[in-house]
2 protein chains.
Amino acid sequence: MANLETFREAKDDFIAQWGALGTNWGISRTMAQVHALLMITPEVLSTDQVMEDLHISRGNAHTNLKELVGWGLVRIVIKKGERKEFFEAEKDVWKIFTIVLRERKRREIDPAVSLLGDCLKRSADVGTKEGEAFHKQMKELSDFAKFAGGVGDKISLLQYTPALKLAAKFLS
Amino acid sequence: MANLETFREAKDDFIAQWGALGTNWGISRTMAQVHALLMITPEVLSTDQVMEDLHISRGNAHTNLKELVGWGLVRIVIKKGERKEFFEAEKDVWKIFTIVLRERKRREIDPAVSLLGDCLKRSADVGTKEGEAFHKQMKELSDFAKFAGGVGDKISLLQYTPALKLAAKFLS
DNA sequence: ATGAACTTTCAGTATATTTTGAAATATGGC
DNA sequence: GCCATATTTCAAAATATACTGAAAGTTCAT
């Protein structure tokens with residue numbers, strides 16, 4: 001039975017540690033913290049509120065909020081009669097997941113596919129032992145990278161249907 | 001029809017650019033380059049050969065080779081009558097993939113599961129609007145993270161069978 | 001057109017990560 | 001035990017990344 005105090009602590013811990021995790025995920029600590037804060041806040045927040053809550057500068061808050069908007073993880077909300085922009089996070093975990101998946105594919109898989117395809121072409125018919133080995137490895141890496149990219153694309157198009165929820169039950 | 005010159009260039013490009021990609025993958029440029037070099041070299045290499053090929057210091061070569069050994073992506077080979085250690089990379093792409101998948105799950109998913117489970121417990125029965133929202137979000141993120149971890153575990157146990165190769169055909 | 005409210009940019013600073021190079025430690029043959 | 005060879009460690013330097021704060025730019029009501 002948790003009380004208000006432990007809840008507040010849990011909230012702060014979540015933001016702090018989600019930020020630390022962000023590092024492992026290839027995004028900056030602050031971006032992950034801003035995302036964490038917005039995810040657990042039912043109301044929309046202004047840049048100033050984010051600055052104050054996380055103790056970060058205006059420039060930093062601004063840059064990261066806009067980057068999150070660029071990813072599609074955060075939306076801009078305009079309140080009637082107010083000039084300020086407010087921000088709200090996408091809270092549906094499956095949507096968050098597909099957005100992150102798409103971005104990671106774009107940054108991690110696509111450039112690899114392109115590099116490998118290029119090296120594959122340039123190493124055709126070299127006719128030495130080293131050349132053969134290189135070409136073979138490029139072929140296998142290339143095929144696999146395309147496969148992985150294809151899987152990513154297929155997954156990110158899936159809806160989070162009851163069937164998927166059932167699958168989740170068996171796997172978690 | 002590629003000649004020896006374009007092959008050599010392709011090899012160098014592969015190492016250089018695979019290193020740059022490593023950055024996006026959360027490993028250091030040098031580690032990715034050492035891995036690239038070993039992946040495309042049929043023979044085993046000594047620390048000195050790696051140093052020379054990549055123009056890096058002994059300490060750097062040593063640290064990264066041992067880290068790759070730690071991951072299981074590189075094996076130590078002892079030649080008869082030689083005191084030096086030699087190194088060879090795992091070249092099977094599916095094995096490489098499952099090793100990387102396991103490591104990423106350990107670094108990216110497991111800590112998140114632990115954090116989320118913790119926050120979930122600590123936010124039970126808070127009884128405010130904010131508390132409710134937080135608890136609900138923790139529950140959904142937690143369930144999803146466990147699901148993702150489970151999928152990762154299942155995949156890393158799969159063999160790269162003909163059936164999987166067929167699936168790859170359709171998806172690539 | 002003015003000015004207040006708000007957003008954006010960016011040079012400089014701070015922080016974090018990676019690399020070097022040399023010293024310390026270990027190993028094996030004699 | 002001694003020497004040569006090889007491995008490991010780590011403090012200092014180099015590099016890469018992130019953050020600040022203030023100035024510049026934009027928007028909108030009057």
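Quick note on labels: first sequence line is chain A, next is B, and so on, each numbered from 1.
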Nearest whole angstrom, please: distance from the [atom2] of [N] to the [atom1] of [X].
{"X": "A:I56", "N": "D:dT20", "atom1": "CD1", "atom2": "P", "value": "7 Å"}
{"X": "B:N60", "N": "D:dT8", "atom1": "CG", "atom2": "P", "value": "15 Å"}
{"X": "B:E67", "N": "C:dT17", "atom1": "CD", "atom2": "P", "value": "14 Å"}
{"X": "B:E82", "N": "C:dG29", "atom1": "CD", "atom2": "P", "value": "12 Å"}
{"X": "B:N64", "N": "C:dT17", "atom1": "CG", "atom2": "C1'", "value": "12 Å"}
{"X": "B:Q33", "N": "C:dT19", "atom1": "CD", "atom2": "C1'", "value": "12 Å"}
{"X": "A:K84", "N": "C:dC6", "atom1": "NZ", "atom2": "P", "value": "4 Å"}
{"X": "A:N24", "N": "D:dT17", "atom1": "CG", "atom2": "P", "value": "16 Å"}

> What is the ring orientation for A:W94 with B:F147, classed by angle as parallel under 30°, tilted 30 to 60°, or perpendicular over 60°?
Replying inline: tilted
* **Plane angle bin for B:F14 and A:F134 - parallel if under 30°, tilted between 30 and 60°, otherwise perpendicular** => perpendicular
Note to self: Between A:K129 and A:E132 (salt bridge meaning N to carboxylate O under 4.0 Å), is one present in this structure?
What the structure shows: no
| message | Taking the basic N atoms (NZ, or NE/NH1/NH2) and the acidic carboxylate oxygens, is any pair closer than 4.0 Å for B:D143 and B:K139? | response | yes
*Just by modelled atom types, is the A:N60 backbone N or O under 3.5 Å from a matching donor or acceptor in the A:N64 side chain?*
yes
Just compare [options] and give me whichever is closest to any side-chain atom of [X].
{"X": "A:K66", "options": "D:dC19, C:dT18, C:dT7", "answer": "C:dT7"}
{"X": "A:R83", "options": "D:dG21, C:dC6, C:dT9", "answer": "C:dC6"}
{"X": "B:E85", "options": "D:dT8, C:dT8, D:dG21", "answer": "D:dT8"}

Of A:D48 and B:G26, the one whose nearest nucleotide on DNA chain C sits closer to the 5' end is A:D48
DNA chain C nearest-nucleotide lookup for A:F87 and B:T63: closer to the 5′ end is A:F87
Would one find a side-chain N or O of A:H62 under 4.0 angstrom from OP1 or OP2 of C:dT8?
yes
